[in-house]
A.B. asks: 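Structure in structure tokens, see below.
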Number of protein chains: 2
Amino acid sequence: MEPSSSEVAAAPTVPAEAGLHARVLDHLGTAICGGELAPGAILNIDELVDRYAVSRSVVREVLRVLASIGFIEARRRVGVMILPASEWNVFDPQVIRWRLASAGRMAQLRSITELRTAVEPHAAYLAAGRIGHDEASDLVGLAAKMWAAGEAGDEERFLHLDIEFHRRVLLASGNEMFVRLQDLVAEVLTGRHKHHLMPHHPHEQALQMHADVAQAIQRRDGARARQAMVQLMEQAFGEMKSLWEQISVPEQSADRGSATR
Amino acid sequence: MEPSSSEVAAAPTVPAEAGLHARVLDHLGTAICGGELAPGAILNIDELVDRYAVSRSVVREVLRVLASIGFIEARRRVGVMILPASEWNVFDPQVIRWRLASAGRMAQLRSITELRTAVEPHAAYLAAGRIGHDEASDLVGLAAKMWAAGEAGDEERFLHLDIEFHRRVLLASGNEMFVRLQDLVAEVLTGRHKHHLMPHHPHEQALQMHADVAQAIQRRDGARARQAMVQLMEQAFGEMKSLWEQISVPEQSADRGSATR
DNA sequence: TCCACTCAAAGATCATATCATTTACATCAA
DNA sequence: TTGATGTAAATGATATGATCTTTGAGTGGA
């Protein structure tokens with residue numbers, strides 16, 4: 001139905017018919033993240049009303065949300081200007097999703113991976129000092145389940161357990177911001193899965209390290225928990241790195257011809 | 001002019017007359033962050049139209065923004081429900097500001113301080129591997145200026161230099177998300193200043209450590225840069241800790257009777 | 001007891017009008 | 001020529017009222 005602009009590789013982030021607001025927002029957000037609407041470009045409301053064939057209300061509400069994300073700024077007598085990426089709320093989950101679905105995918109992947117590399121070791125350290133008995137037991141149990149799933153080669157299940165494991169650690173750190181961060185990481189991991197960037201046959205090592213982290217936290221050994229998590233992050237970072245070095249140049253259609261499939 | 005509800009300790013985050021949208025948004029955001037509108041509470045549009053004496057357009061636009069922050073969810077036939085804090089976008093700068101102006105101030109302070117404790121050392125490490133010659137020189141120069149300001153006892157100037165120093169390090173890390181994080185930290189530091197929670201007579205040690213970080217980064221010694229930043233963070237964390245242990249119980253009017261003044 | 005139907009409440013969307021601000025341009029005086 | 005100043009048009013901001021759509025609760029029959 002829309003083969004006119006052949007640039008957008010992004011599948012719509014919104015399900016199907018999720019309300020006009022959501023659809024217009026998604027379309028504009030994708031366009032901005034994807035660079036089709038470059039910083040400095042000017043829109044105006046009436047133009048958008050025509051383009052999307054929706055009412056002013058819808059457009060204005062969308063623009064307010066985009067403005068709160070830092071994507072645009074409205075000025076009277078001028079119109080609506082796209083702002084440079086330095087103004088964006090790059091921590092907004094919505095933005096993460098859009099960027100993962102755009103050409104900036106790899107940059108987004110790298111940013112978040114670096115972020116979790118920085119945060120999770122400290123979270124593990126804090127968790128060791130704050131976790132409750134039951135939570136600690138659950139954590140060890142989770143690591144065990146991950147082992148089982150890894151051995152069985154059940155990638156789907158392993159992914160979910162992996163996400164849950166890290167979520168629990170961040171939750172136990174007692175810092176709400178860390179937990180929210182995990183939402184972003186989960187976005188990345190599932191996104192990676194969705195875009196078939198998942199050569200993720202879990203290594204023996206990784207399984208052991210998860211177990212180490214869990215054990216160290218349970219025994220309230222903050223330093224060891226941090227150290228184990230650092231290793232885990234180094235491994236995850238290495239995996240990611242191989243990914244974006246592999247697909248660094250062919251920016252265009254990254255998720256089509258992956259030869260090893 | 002508004003002495004009716006005596007609970008809100010929060011000064012409006014918006015200047016004065018910044019448009020109806022901004023004012024209503026600020027008021028609702030503050031109320032939600034401050035707990036006056038508890039999770040589960042139900043609003044409806046017409047009620048808000050009456051309460052704020054603005055049009056439906058304004059209210060709807062505000063609600064869309066609040067929804068994108070994760071503060072509310074609108075359901076037909078029910079109304080607009082306040083969501084629990086676990087749904088909030090705690091990385092939204094606006095949210096940070098609201099929370100710093102509310103009773104949850106100390107929790108917010110702690111969260112962000114922990115976050116930067118985790119991130120900045122890694123950022124310093126990355127910066128050592130990526131920074132350009134000129135940027136590195138500037139960084140060393142900044143540390144020197146901080147020394148001068150610290151010696152001269154110019155707290156205002158020191159604060160600005162401090163913020164700028166950390167911003168430069170995060171910028172040099174080459175990770176956009178780290179830079180945005182610094183905006184949050186700056187929000188905290190200036191907020192701390194604004195709320196008179198600033199017993200911040202910079203220690204001799206801290207000055208030296210800033211110099212160490214700058215030097216290590218310039219010499220591309222990632223490990224040493226990280227280590228120096230860790231020490232810096234430990235010191236900053238210690239300062240903060242003494243703050244919120246001091247004012248932990250008297251939640252009510254935290255910024256009135258600080259005896260040591 | 002339980003399922004299907006009906007109705008009304010509330011948000012979602014639309015259409016139109018008016019207000020307010022700001023930029024561009026023209027006008028006029030020095 | 002230049003600079004100040006006033007004026008008009010463009011555009012977002014706000015207001016208003018109507019209609020559409022969804023959905024929860026009540027109601028009645030099997």
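Values below: every heavy atom of this structure, side chains too, minus hydrogens, waters and symmetry copies. Proteins get letters first, then strands, A, B, ... in listed order; numbering begins at 1 in each.
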A.B. asks: What is the distance from OH of B/Y52 to P of D/dT14, rounded to the nearest Å?
C.D. replies: 15 Å
A.B. asks: Nearest to the side chain of A/I45 - C/dA12, D/dG24, D/dG12?
C.D. replies: D/dG12
A.B. asks: Counting side-chain heavy atoms from CB outward, which of D/dA13, C/dT13, C/dG11 is closest to B/A74?
C.D. replies: C/dG11
A.B. asks: Look at B/R75 and C/dA12 and indicate whether a side-chain polar atom (N or O) is within less than 4.0 Å of OP1 or OP2.
C.D. replies: no
A.B. asks: Output yes when at least one side-chain N/O atom of B/S55 is less than 4.0 Å from OP1 or OP2 of D/dT14, else no.
C.D. replies: no
A.B. asks: When the distance from CE of B/M81 to C1' of C/dA10 is rounded to whole Å, what number comes out?
C.D. replies: 15 Å
A.B. asks: Salt bridge or not for B/E176 and A/R99, using N-O below 4.0 Å?
C.D. replies: yes
A.B. asks: If I take atom CG in residue B/D46 and atom P in nucleotide D/dA15, what distance separates them, rounded to the nearest angstrom?
C.D. replies: 14 Å
A.B. asks: Measure up the B/F71 and B/W98 rings against each other and bin them: parallel (under 30°), tilted (30 to 60°), perpendicular (over 60°).
C.D. replies: tilted
A.B. asks: Just the rounded figure in Å: distance from P of D/dG12 to CG of A/L66.
C.D. replies: 14 Å
A.B. asks: When the distance from CD of A/E73 to C1' of C/dT22 is rounded to whole Å, what number comes out?
C.D. replies: 14 Å
A.B. asks: Using only modelled atom types and a 3.5 angstrom limit, is any donor from either the side chain of B/S57 or the base of D/dA15 paired with an acceptor on the other?
C.D. replies: yes
A.B. asks: Distance criterion of 3.5 Å, no angle test: do you see the side chain of B/R77 paired donor-to-acceptor with the base of C/dA8?
C.D. replies: yes
A.B. asks: With respect to the side chain of A/N44, which nucleotide from D/dG12, C/dA12, D/dG24 is positioned closest?
C.D. replies: D/dG12
A.B. asks: Give a yes or no answer on whether the side chain of B/N44 reaches the backbone of B/G79 with a donor-acceptor pair at less than 3.5 Å.
C.D. replies: no
A.B. asks: Please report, rounded to the nearest Å, how far the C1' atom of D/dT14 is from the CG atom of A/L63.
C.D. replies: 15 Å
A.B. asks: Looking only at atom types and distance, does a side-chain atom of A/R168 sit under 3.5 Å from a main-chain N or O of A/L139, one as donor and one as acceptor?
C.D. replies: no
A.B. asks: Taking for each residue the nucleotide of DNA chain C with the nearest heavy atom, is it B/V78 or A/L20 whose nucleotide lies nearer the 5' end?
C.D. replies: B/V78
A.B. asks: Using the side-chain contact (heavy atoms from CB on, under 4.5 Å) rule, take B/L25 and B/Q94 through it: C-alpha gap first, then chi angles, then the decisive distance, then the call.
C.D. replies: CA-CA 10 Å; B/L25 179 63; B/Q94 184 100 99; 3.8 Å; yes
A.B. asks: Provide, to the nearest angstrom, the distance between the CG atom belonging to A/L48 and the P atom belonging to D/dA13.
C.D. replies: 13 Å
A.B. asks: Starting from P on D/dT14, measure out to CD on B/E61 and report it in whole angstrom.
C.D. replies: 7 Å
A.B. asks: Closer than 4.0 Å, any side-chain N/O of A/R64 to the OP1 or OP2 of D/dT14?
C.D. replies: yes
A.B. asks: Starting at the 5' end of DNA chain C and moving along, which residue's nearest nucleotide shows up first, B/G79 or A/A53?
C.D. replies: B/G79
